[in-house]
Each structure stands twice: as structure tokens, then as C-alpha cells.
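Reviewing the structure listed below.
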Amino acid sequence: MLHPRARTMLVLALPALAIGVASSLVLLLVMKIAAVLQNLLWAALPYRMGLTPDSPVWVILMLTLTGVAVGLILRYSNGHGGPDPATEPLIGAPVALSALPGLLAALVVGLAGGVSLGPEHPIMVLNIALAVALGGRLFPRVAPLDWTILASAGTIGALFGTPVAAALIFSQTLNASNDIPLWDRLFAPLMAAAAGALTTGLFFHPHFALSIAHYPQMHLIDILSGAVVCAFAIALGMVAVWCLPRLHQLMHRIKNPILMLGIGGFALGVLGVIGGNVTLFKGLDEMQQMAFAQTYSVMDYLLFAVVKLAALVVAASCGFRGGRIFPAVFVGVALGLMLHEHVEAVPAAITVSCAIMGIVLVVTRDAWLSLFMAAAVVPDTSLLPLLCIVMLPAWLLLAGKPMMIASRKK
């Protein structure tokens, strides 16, 4: 009763479901291990040593030791802990399975130690490698690219708790043809993304939304305000784009990864002392704390944004294993709250969402993902038309500009 096209789509349905569930379970397991270790390092251990978690001595000591630990992992693990995220896009080619233990250890230590990077890139590498290796054995006729697409879709669904982000991202990469419609190509990836999102939702609900006053109705002046906010975020982000490859090249002149990451960890510790503990870690829980407190001044928010962006550049340049999307969202929230505090006439819903869209657009150069992150943090449907309009001049500003990526070592 099914058309041959439908039967073709169903061939990958069961593998897609399995990969989506497995991608989510891998993410949840890694995050749980990192959370337990983080609680030990930042809640139990400092008090036993007569210090507080926000003590400058503890922050610098903890980040420096984290850098040394990650350096040791990369130095002595097979495959040197997988690819350097600073030189790779979010979705890349599969790596050898032998590199995964080192990558996993470096990710967990970095997340628990307070490094300002998220889990998205290493988890993506991990899930793609496992899917390609296992899928190739079970279904040798399926191309490695198909397993890569399914694993990346399942991981995106698991990371954000919804298949919407995966649908947006793959709608621009899986080009349709006259023979195969776009939604035929999207069927299996969306199945994997939905399975990943639902599995994550059973154990943990990713909490992106902030408690921000509802935006009632769009006005013409709001479009101008949103465009200015977005341009401001882009300008700050482009400073990081300029710094990343240069600092990456400078740091990688140090051939010993233990020394290089130890120096990087010390720099992150100093930045953590300057910005406070709210600028540590991947940034999602910390942005909730920052927005909930509502006791910070304009200069406080500006300090948080600048320090977090600097920590992101330093962490990525030194070779820590992690992604840049989640810390970038924190920077956008801090910028948005700062601009609203400075000009209260502009609603916080506009300043926060447009700042997130601008900075994520710089970091990822993906318009759909930028729109999604802005709408996820400020989930107000009244803002969607404004965000779509503001995206147009923002995209023009970034057309032809360099991306936030470093050159591979020769």
C-alpha cells in the first residue's frame, strides 16, 4: 500500500530512531558524569580545604589544574583527543574510534573544571564516529554520509530538546532535487532528531527560556532598535573572530600540550576571578542565574559579556575540547540585559533576543540556528516577525566576512 518513495524512507526509520535515542543517552551520560565531578570540585572540595568556590585562589588553581589535566589527556591519548574544535565546523567527518576515549575524558574534565565551552562539538564527534562505525558494520550498504547525517541530527535534537533546530539546519544542507523532494531527505534525520529530543526529555529538560516580560506588539521603532542591538553584538563578536586564529597560532607554537593548556587554564582562571564564577562553565545555568538575579548594573553585564567572550576565545585557542554555541548564548544574554538596563525604553525581549541572534550568527554563520537560539531563550511568538526582519541587515553585515575558525596545524 506504500509508494516506493515511502518504503525507501522507512528503510532508515528504525536505524534513525536507534541513533537518536543512543545520541541522547551518550549526551546524558557525559553530562551526568561531568555534573558529579563538577559538584565534587566546586562544592565539596574547596570547603574541605578551607576555601570558598568563588575564592580567587581556588578559581585560578582549579582552572590551571584543569588545563594541565586536559593537556595530559591530549598528550598521552590515542588520536590526541580527537580534532581541535577551533579548526572544525560543528558537523565534520567521522574520526577513528581510538580517539574517542581521550576526547571523552578531555570533554568531561573541561566541563567539570569550569572551562567556558559547551559540550556540543565533542558530543557531535563522538556520536558521528560511533554511528558510522556501528552502522557500517550492521548495514554496509548505507553510505557513511547517511550515518553522519542521522547522528548529527539526533545529537542536535538531544542538545536542544526539540527536533526543530535539526529541521532548520538540515533544510539548508540537504538540497532537494527533482527526483527526491526535500522532505523525503529530511524524513530520517527528523526521525533521529525527534527520538533524541524525546529521550532527553524523559530524563532532563533543557531549560533555555528566560523569564522576560512579554513583548506585546511590534512597532516600527522596534525594528530599528533590534537592528542596532544585533549590529552591536556582531561588532563585538567580530573582535573575537579576529582574535581566535591569531591567538590559536600563538598558543600552538608551544608544542607541549600540557604547558599550552596549563597556561590557557591559568588565563581562564584570571578571567574567572575578574568576571566572577557566573562567567565560568558552559553558560546555560549561569545565564539563568544572571537573568534571575536582576541586581546587576550596566557595567556588570558588560563585564560578564566581555569576560565570557574572552574566555571562549582563550579556551578554544588553547585546544580545550568543547563547543562555542552555548557560551555565545550567555554573551548574547549579558549584552541584551546590559542594553536594556542602559535604555529601559527598549524592551528586554528585543535586546536579549537580537543580541543572541547577532552573536550566535557570528559564531556559527548559520541564520536558522541563530533564529532558533534567539526564539528558544525568549520564547515569544510576537518577536518572530521582528527577528526575521532584523536578520536581513545582520546577514548583509556578515556577508563575505571571515568565520570564527582557526587554521589547522601543519
Side-chain angles (χ1 to χ4, degrees), residues 82-93 107 110 115-125 152 156 159-160 165 168-169 172-173 229-252 264 267-268 271 279 282-284 287 304-336 354-374 377 391 393-409:
D84 182 356
T87 65
E88 299 285 334
L90 179 60
I91 302 173
L107 170 63
V115 176
S116 292
L117 292 173
E120 58 272 21
H121 185 273
I123 291 294
M124 188 72 74
V125 172
S152 54
I156 292 171
L159 281 166
F160 300 115
L168 294 174
I169 291 172
Q172 63 186 354
T173 56
V229 170
C230 196
F232 183 83
I234 288 173
L236 184 61
M238 289 307 295
V239 175
V241 169
W242 185 88
C243 291
L244 177 63
R246 289 161 177 82
L247 184 58
H248 185 273
Q249 183 180 22
L250 177 64
M251 293 302 299
H252 280 76
L268 291 177
L271 288 170
T279 60
K282 63 181 180 293
L284 289 187
M287 79 177 187
F304 295 155
V306 172
V307 168
K308 188 69 173 181
L309 192 59
L312 167 58
V313 171
V314 170
S317 300
C318 295
F320 283 100
R321 295 323 191 229
R324 301 189 287 271
I325 297 175
F326 290 173
V329 173
F330 176 96
V331 174
V333 171
L335 282 177
C354 290
I356 291 171
M357 188 170 67
I359 197 72
V360 175
L361 189 60
V362 170
V363 170
T364 65
R365 212 54 58 91
D366 189 312
W368 283 125
L369 183 58
S370 304
L371 278 168
F372 170 79
M373 292 310 305
V377 176
M391 173 61 74
W395 190 258
L396 285 177
L397 284 175
L398 287 171
K401 297 294 190 300
M403 299 182 68
M404 194 173 186
I405 195 165
S407 300
R408 291 183 175 89
K409 293 185 294 182

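Sequence positions, counted from 1, serve as the residue numbers for this chain.
A pairwise comparison of heavy atoms in Ala374 and Met357 identifies CB-CB, 4.1 Å as the closest pair. Gly332 and Ala355 get closest at one heavy-atom pair: O-CB, 3.3 Å. Closest non-hydrogen pair, Gly322 versus Pro85, comes out as O-CB, 3.3 Å. The two residues Gly264 and Phe320 make their nearest non-hydrogen contact at C-CE1, 4.3 Å. Of all the heavy atoms in Val360 and Ser370, the pair that sits closest is C-OG, 3.5 Å. Listed here is the closest heavy atom pair of Ser116 and Pro327: O-CG, 3.4 Å.
Side-chain contact between Ser317 and Gln249: absent, with no pair of heavy atoms (C-beta onward) separated by less than 4.5 Å. His121 is not listed as a side-chain neighbour of Leu107, based on a closest heavy-atom distance of 4.5 Å or more. Between His252 and Asp84 the shortest side-chain heavy-atom distance falls below 4.5 Å. Leu371 is not listed as a side-chain neighbour of Leu168, based on a closest heavy-atom distance of 4.5 Å or more. Counting only heavy atoms from C-beta outward, the side chains of Phe160 and Leu369 approach each other to under 4.5 Å. Between Lys308 and Val333 there is no side-chain heavy-atom pair separated by less than 4.5 Å.
At distances below 3.5 Å, not a single donor-acceptor pair connects side-chain atoms of Arg365 with backbone N or O atoms of Val363. Judged by distance alone, with hydrogens and angles left aside, the side-chain atoms of His248 form no donor-acceptor pair with the main-chain N or O of Leu244 at under 3.5 Å. When atom types are taken as modelled, the side chain of Glu120 and the backbone of Ile325 share a donor-acceptor pair closer than 3.5 angstrom.
Summarising the geometry, atom CG belonging to Leu309 is positioned 10.5 Å from atom CG belonging to Leu271; distances are rounded to the nearest 0.5 Å. In this structure, the separation between CD1 on Ile359 and CD1 on Ile234 is 8.5 Å, given to the nearest 0.5 Å. Here the CD1 atom belonging to Ile123 is positioned 7.5 Å from the CG atom belonging to Leu159, to the nearest 0.5 angstrom.
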Test log, rule side chain to side chain contact (heavy atoms under 4.5 Å, CB included), inputs Val329 and Met287: CA-CA 8 Å; Val329 173; Met287 79 177 187; 3.7 Å; yes

Stepwise side chain to side chain contact (heavy atoms under 4.5 Å, CB included) test for Leu268 and Val115: CA-CA 7 Å; Leu268 291 177; Val115 176; 4.1 Å; yes

Verdict with reasoning, Thr364 to Met403, per side chain to side chain contact (heavy atoms under 4.5 Å, CB included): CA-CA 8 Å; Thr364 65; Met403 299 182 68; over 6 Å; no

Stepwise side chain to side chain contact (heavy atoms under 4.5 Å, CB included) check, Met391 with Leu361: CA-CA 9 Å; Met391 173 61 74; Leu361 189 60; 3.8 Å; yes

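A cation-pi arrangement is absent between Lys282 and Phe326, since the terminal nitrogen or guanidinium carbon is not both under 6.0 Å from the aromatic centre and inside a 45° cone about the axis.
The side-chain hydrogen bond (donor to acceptor under 3.5 Å, both in side chains) check on Thr279 picks up nothing, with sequence neighbours excluded.
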